[in-house]
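Take a look at the structure set out below.
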Amino acid sequence: MNNLKEFYYPENIAEAQKLLRDESVKKAIIAGGTSVALLNTGSVEGMVDITRMGLNYIKQDGGFVKIGATAVVEELARSPITKNLANGILAKASSEIASRPLRNMITMGGNIVQLRIWSDLPVVLLALDGQIKVQGDEERTIPADDFFREQPLKTLAHFDIVKEVVLPKTPETSGAEFIKLSKTKGDYAIMSLACYLEFEEKTCTLARIALSSVTPLPRRCKKAEKVLEGKQLTPELIAEAAAVTREKTKTISNIWGSAEYKSVVLENLVKKSLLSCADKAGIQI
Amino acid sequence: MIIQVKINGIDKEWDVDPGMILLDLLRDKGYKSIKRGCDEGYCGACTILLDGQAAKSCVMLAGQAHKRSITTVEGLGTMDEPHLLQKTFVEHGAVQCGYCIPGMLLSSKALLDENPNPTEDDVKEAIDGNLCRCTGYVKQIEAVLDTASIMRGEN
Ligand SMILES: Cc1cc2nc3c(=O)[nH]c(=O)nc-3n(C[C@H](O)[C@H](O)[C@H](O)COP(=O)(O)OP(=O)(O)OC[C@H]3O[C@@H](n4cnc5c(N)ncnc54)[C@H](O)[C@@H]3O)c2cc1C
Ligand code: FES
Ligand code: FES
């Protein structure tokens, strides 16, 4: 299903970009390959393998956790750094992707650049206010909110390389939760969601509710977040935020669930995960 | 293009179509222990070890294997001298038709290489990507745990 004639193994980003910009041979990026191998790559004749450029790190840098684009999700699931960040929701989401051999292959970059309805990591980036560093003509940093507004594969130029994902460390007075609903662990998500709450004293100062597999692209429900911000949370308020999420989310049907079913379950899961966030932040409701 | 791979400890240089699925390439080269099941990354029949880590060769392109090391069941043991995992699988009756077994063995080997003292849950997680349509997984899990304890010198 492809017309590939050549593979390239650049050792750094500059080299990779030089290859991608040289259009005498049409080239594309390959990372884990788990998507690329199954898709028709059309007239692409050369693959630029970006997994040998040292971008597989997971590190702490001041108040941030920095994840190289080719870090594989099995490492994200195991790393003490990701386990310690925001109640470990990135590690949890990563550990629930597919199966071990695939987790050894799937990369952070590949998972967020080519959005599939079942992609699990984008919601975590949305909930934790992730920033995506892209090397194009210049290096630019794109907030997750903007990055996922459209299919990144379409908005990125062919020579753009996602280099790194940056996640801010979260304060003590915060709680995060990721929930994936699927028939078995590792199966595609019927839906997945990630929530994050921050508190000052007992007041919720910041709320993020991010949803996946229920709409064509992963998205936050800001109307529901507004219900919580600036208030002391009560069971009624959390129920209201969940109801608003349901109301404002135009769910889509697919083989994993009908729109109607997803709507009902979504409301319940938002409630459950907000309660869990508050609990993890040490806030009694 | 030419790719260099170290397969079962032996260095090879192959002139390949780099866009070929790795599973197809390896079977063409005679490594028939690697099986084709679903061709989509689900079943695990095509599992290999890539630099010691389990990977599914049906969702990889040949070019990705350049300068990497691959282990298949051909490199695990022989009929006369089977790997301990193979021996234990047989003794536990963990094999019926056998189609899933090469992948199952390699996923288990990767586990034991990194964790000589696995729990039952560790084993389940390691072979989660290897579907078996014949057995109920129980005997395979027992076989892996038993192999681990023999390797630790416990029985
Ligand atoms: C059977 C199966 C089950 C799966 N289940 C799940 C699941 O439950 N949840 C989940 O989240 N995922 C799941 N996945 C993984 C998901 O579908 C994709 O295959 C995976 O995220 C792609 O990552 P990759 O590193 O293999 O990317 P590749 O296939 O190498 O690349 C994907 C695309 O992204 C581009 N790209 C990759 N990296 C970069 C970069 N750094 N900069 C710019 N462009 C880049 C490539 O050019 C390509 O277009 C599953 C995959 C399989 C095969
Ligand atoms: S043939 Fe590769 S996972 Fe099924
Ligand atoms: S023994 Fe037949 S598929 Fe596992």
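The chains referred to below are lettered A, B, ... by the order of the sequence lines, with proteins before strands, and numbering in each begins at 1. Keep in mind that the numbers below use all heavy atoms, side chains included, and drop hydrogens, waters and symmetry copies.
- Chain A forms the most heavy-atom pairs under 4.5 Å with one residue out of B/L61, B/V16, B/L50, and that residue is B/L61.
- A salt bridge links A/K280 with A/E177; the closest basic N to acidic carboxylate O contact falls under 4.0 Å.
- For B/D128, the parts lying near chain A are the backbone and the side chain together; criterion is any non-hydrogen pair under 4.5 Å.
- In this structure, A/K180 contributes its side chain and A/E96 its backbone to a donor-acceptor pair below 3.5 Å.
- Considering only heavy-atom pairs separated by less than 4.5 Å from chain A, the leading option among B/G63, B/G129, B/A62 is B/G63.
- The neighbour count for B/E81 CD, taken as heavy atoms of other residues, nucleotides or ligands under 6.0 Å away, does not exceed 12.
- Taking chain A as the reference chain and counting heavy-atom pairs below 4.5 Å, the highest number among B/E40, B/M20, B/Q53, B/Q64 is found for B/Q64.
- When the candidates A/A98, A/G186, A/S99, A/P101 are compared by the number of heavy-atom contacts under 4.5 Å with chain B, A/P101 comes out ahead.
- Proximity to chain B is absent for every atom of A/V44, based on heavy atoms less than 4.5 angstrom apart.
- Residue contact with chain B, scored on non-hydrogen atoms closer than 4.5 Å, is absent for A/Y8.
- The aromatic rings of A/W256 and A/Y188 sit perpendicular, their planes meeting at an angle over 60°, well past the 30° parallel limit.
- The cationic atom of B/K29 (NZ for Lys, CZ for Arg) does not lie both less than 6.0 Å from the six-membered ring centre of B/Y31 and within 45° of the ring axis.
- With respect to the salt-bridge test (charged N to carboxylate O, under 4.0 angstrom), the residues A/R103 and B/E125 qualify.
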